[in-house]
Protein chains: 2
Amino acid sequence: MPVTLRPGQALGLWRSTLLAQVLADAPDLTTRQMAILLTIYLDPPPHTIRGLAAKLSVTKPVITRALDTMGELKLVSRHRDEADRRNVLVRRTVEGSLFVEGIGDIIIAKARDLPT
Amino acid sequence: MPVTLRPGQALGLWRSTLLAQVLADAPDLTTRQMAILLTIYLDPPPHTIRGLAAKLSVTKPVITRALDTMGELKLVSRHRDEADRRNVLVRRTVEGSLFVEGIGDIIIAKARDLPT
DNA sequence: CTAGCTTGATACGGATCCGAAACGAATGCG
DNA sequence: CGCATTCGTTTCGGATCCGTATCAAGCTAG
């Protein structure tokens with residue numbers, strides 16, 4: 001069952017959710033950082049720096065720096081791949097899960113309140 | 001008719017739309033800039049710097065600079081209020097309308113393709 | 001063992017953004 | 001007519017982000 005949206009609804013939903021992020025005291029993530037975070041939490045593991053960079057068509061330093069930032073916020077964690085110690089595996093955290101769930105709740109709430 | 005989304009659908013939709021923005025050659029607007037732009041295009045005019053700042057709970061320089069950036073991109077335009085020449089009125093442009101419509105189209109398309 | 005490749009991290013220069021504060025221009029009240 | 005107030009802009013110092021280029025560590029084939 002596809003979800004059908006009309007233009008006004010779609011944009012209103014988008015703005016409401018953006019607005020909730022701007023108003024929140026929560027850390028203000030970049031568009032790219034948010035895309036990276038959601039990829040980590042929605043796509044099946046494992047996640048490597050190179051894989052994420054390819055998936056988002058950005059350079060590796062972008063991923064490294066985004067993980068630095070989000071790691072300090074405890075939204076993700078890094079671990080060496082013991083099988084191939086060149087790789088770094090990105091893992092989810094409890095805090096990150098709650099953060100992502102919170103975003104989902106916002107979208108759902110805004111969608112429910114959409115004007116016809 | 002409320003739009004009902006389940007958590008996975010909501011986050012998937014959000015990520016797909018973010019991803020489309022990251023991948024697009026289109027100008028990469030900040031979260032705040034995007035919120036400002038959508039407010040201008042979704043809320044009824046007139047829009048003043050002070051009004052936008054209050055609506056988004058940010059400082060006035062943030063609005064001024066965002067309008068500088070988006071003005072260069074021709075997404076919005078500024079005009080003196082002849083009634084009270086202290087005010088600056090922000091107006092929509094043809095290019096901005098097309099840009100915003102494009103975002104709406106992306107959201108609608110992604111919503112239609114949502115997995116069940 | 002070594003030469004070559006892969007992976008993620010770092011250095012660098014440039015650009016952008018932020019909030020606080022100070023600023024001119026315009027208004028309106030006494 | 002002054003003078004305080006309002007409005008948008010600019011300035012300032014500090015922080016962050018970007019892409020390119022470079023780096024060290026680890027793997028692998030010969």
Side-chain angles (χ1 to χ4, degrees), chain A residues 18-19 21-40 43 45-92, chain B residues 18-19 21-40 45-91:
Chain A
L18 282 179
L19 203 53
Q21 301 236 359
V22 172
L23 297 179
D25 289 333
D28 209 21
L29 296 183
T30 304
T31 301
R32 291 179 173 199
Q33 290 174 340
M34 188 63 74
I36 294 169
L37 186 67
L38 288 180
T39 297
I40 294 169
D43 282 0
H47 298 287
T48 64
I49 273 66
R50 175 165 184 73
L52 290 170
K55 217 170 274 188
L56 299 177
S57 290
V58 296
T59 58
K60 285 190 295 178
V62 169
I63 305 293
T64 295
R65 284 184 298 247
L67 292 183
D68 289 343
T69 301
M70 296 191 290
E72 277 185 26
L73 298 172
K74 301 200 186 297
L75 297 179
V76 297
S77 67
R78 271 190 270 217
H79 303 271
R80 275 285 163 199
D81 180 356
E82 289 305 327
D84 182 343
R85 295 184 51 78
R86 287 172 303 182
N87 288 331
V88 165
L89 302 180
V90 183
R91 292 217 286 255
R92 305 164 186 172
Chain B
L18 281 180
L19 202 54
Q21 301 237 357
V22 172
L23 297 179
D25 288 333
D28 208 20
L29 296 184
T30 304
T31 301
R32 292 179 172 199
Q33 290 174 340
M34 188 65 74
I36 294 169
L37 187 68
L38 288 180
T39 297
I40 294 169
H47 298 287
T48 64
I49 274 68
R50 176 165 182 72
L52 290 171
K55 218 170 273 186
L56 299 176
S57 288
V58 296
T59 58
K60 285 188 297 177
V62 170
I63 305 294
T64 294
R65 283 184 297 247
L67 292 183
D68 288 343
T69 301
M70 295 191 290
E72 275 185 29
L73 298 171
K74 301 199 187 294
L75 298 179
V76 297
S77 66
R78 270 190 270 217
H79 303 272
R80 275 285 162 196
D81 181 357
E82 289 303 328
D84 183 343
R85 295 183 53 78
R86 286 173 302 182
N87 289 330
V88 165
L89 302 180
V90 184
R91 292 217 286 255

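What you see is a predicted model, and the numbers here were worked out from it, not measured in a lab.
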Shortest side-chain distance from [X], nucleotide among [options]:
X     : options               : value
A/K60 : C/dT7, C/dG8, C/dA20  : C/dG8
B/D84 : D/dG8, C/dT27, C/dA9  : C/dT27
B/P61 : D/dT9, D/dG8, D/dC18  : D/dT9
B/R78 : D/dT9, D/dG26, C/dT27 : D/dT9
B/R32 : C/dA26, C/dC18, C/dG8 : C/dC18
B/T59 : C/dA20, C/dA9, D/dA25 : C/dA20

>> Please determine whether a side-chain nitrogen or oxygen atom of B/T64 lies at a distance below 4.0 Å from atom OP1 or OP2 of D/dT9.
In response: yes
> So, is B/T48 close to the D/dT6 phosphate, meaning a side-chain N or O under 4.0 Å from OP1 or OP2?
Replying inline: no
Can you tell me how far [atom2] of [N] sits from [atom1] of [X], to the nearest Å?
X     : N      : atom1 : atom2 : answer
B/R50 : D/dT9  : CZ    : P     : 14 Å
B/M70 : C/dT16 : CE    : C1'   : 15 Å
A/Q33 : D/dT16 : CD    : P     : 11 Å
B/N87 : D/dT5  : CG    : C1'   : 13 Å
A/R80 : C/dG8  : CZ    : C1'   : 6 Å
A/L67 : C/dA9  : CG    : C1'   : 11 Å
A/E82 : C/dT7  : CD    : C1'   : 15 Å
B/R85 : D/dT9  : CZ    : C1'   : 15 Å

> Where is the tightest heavy-atom contact between A/L19 and B/K55, given as atom of each residue plus distance?
Replying inline: CD1-O, 4.5 Å
> What are the two closest non-hydrogen atoms of A/V22 and B/L56, and how far apart are they?
Replying inline: CG1-O, 3.9 Å
> Which comes earlier along DNA chain D counting from the 5' end, the contact point of A/D81 or that of A/V62, where each point is its nearest nucleotide?
Replying inline: A/V62
> Distance-only, no hydrogens or angles: does the A/R91 side chain make a donor-acceptor pair with backbone N or O of A/S77 under 3.5 Å?
Replying inline: no
> Is the backbone of A/G51 close enough, under 3.5 Å, to the side chain of A/T48 for a donor and an acceptor to pair up by distance?
Replying inline: yes
> Between CG of B/L75 and CD1 of B/I40, what distance do you get to the nearest 0.5 Å?
Replying inline: 9.5 Å
>> Could you check whether the side chain of A/R65 and the base of D/dG19 have a donor-acceptor pair of N or O atoms closer than 3.5 Å, going by distance alone?
In response: yes
